[in-house]
Amino acid sequence: DKLLKFLNSRGIGARIYYRKPLYEMKLFKSPGLKKIFNNTQQASAEVLSLPMHPFLKEKDISFIAKNIKDFYK
């Protein structure tokens, strides 16, 4: 969450799209799915979506990468 806030404060549209594991979502709730989707708990806690689209310019990619590096310094 700290990295997300850091990137957003610099105008980088990072997001967390799936805060809940798949097996906890109403659509997928069913006995036994937790075993099938066993990695979703970890993924929902760790995955951060960065801006990615066909029109992203090289300078934007460099800006995003630089800010991620700066966060971890």
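This chain uses plain numbering: 1 for the first residue, then up along the sequence.
For the atom pair I61 CD1 and L50 CG, the distance stands at 11.0 Å (nearest 0.5 Å).
In terms of hydrophobic clustering, with Ile, Leu, Val, Met, Phe, Trp and Tyr side chains grouped at heavy-atom distances under 4.5 Å, F71 and I16 are assigned to a common cluster.
Between I12 and I68, every side-chain heavy-atom pair lies at or beyond the 4.5 Å cut-off.
Within the structure, no pair that satisfies the salt bridge (Lys or Arg N to Asp or Glu O under 4.0 Å) test touches residues 43-60, not counting sequence neighbours. Each salt bridge (Lys or Arg N to Asp or Glu O under 4.0 Å) pair with one or both residues in residues 5-20, not counting sequence neighbours, appears once here: D1-R19. The salt bridge (Lys or Arg N to Asp or Glu O under 4.0 Å) contacts involving residues 61-73 comprise K66-D70, D70-K73, where partners must be two or more places apart or lie in separate chains.
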Run the side chain to side chain contact (heavy atoms under 4.5 Å, CB included) test on Y72 and L3 for me, step by step, so that the C-alpha distance in whole Å, both residues' side-chain angles and the decisive distance to 0.1 Å come before the verdict. CA-CA 9 Å; Y72 285 105; L3 176 58; 3.7 Å; yes
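Counting all heavy atoms, side chain and backbone alike, L56 lies closest to P51 at CD2-O, 3.5 Å. The two atoms that bring A14 and L4 nearest to each other are O-CD1, 3.2 Å, heavy atoms only. Summarising the geometry of P21 relative to T40, their closest heavy-atom pair is CB-OG1, 3.4 Å, with the distance given to 0.1 Å.
Considering only residues two or more places apart in sequence or on other chains, F63 meets the ring-ring contact (aromatic ring centres under 6.0 Å, His included) condition with none of them. When the side-chain hydrogen bond (donor to acceptor under 3.5 Å, both in side chains) test is applied to Q41, the partners found at least two apart in sequence or on another chain are Y23. Legend: residues meeting ring-ring contact (aromatic ring centres under 6.0 Å, His included) with Y18, ordered by chain and number and at least two apart, are absent.
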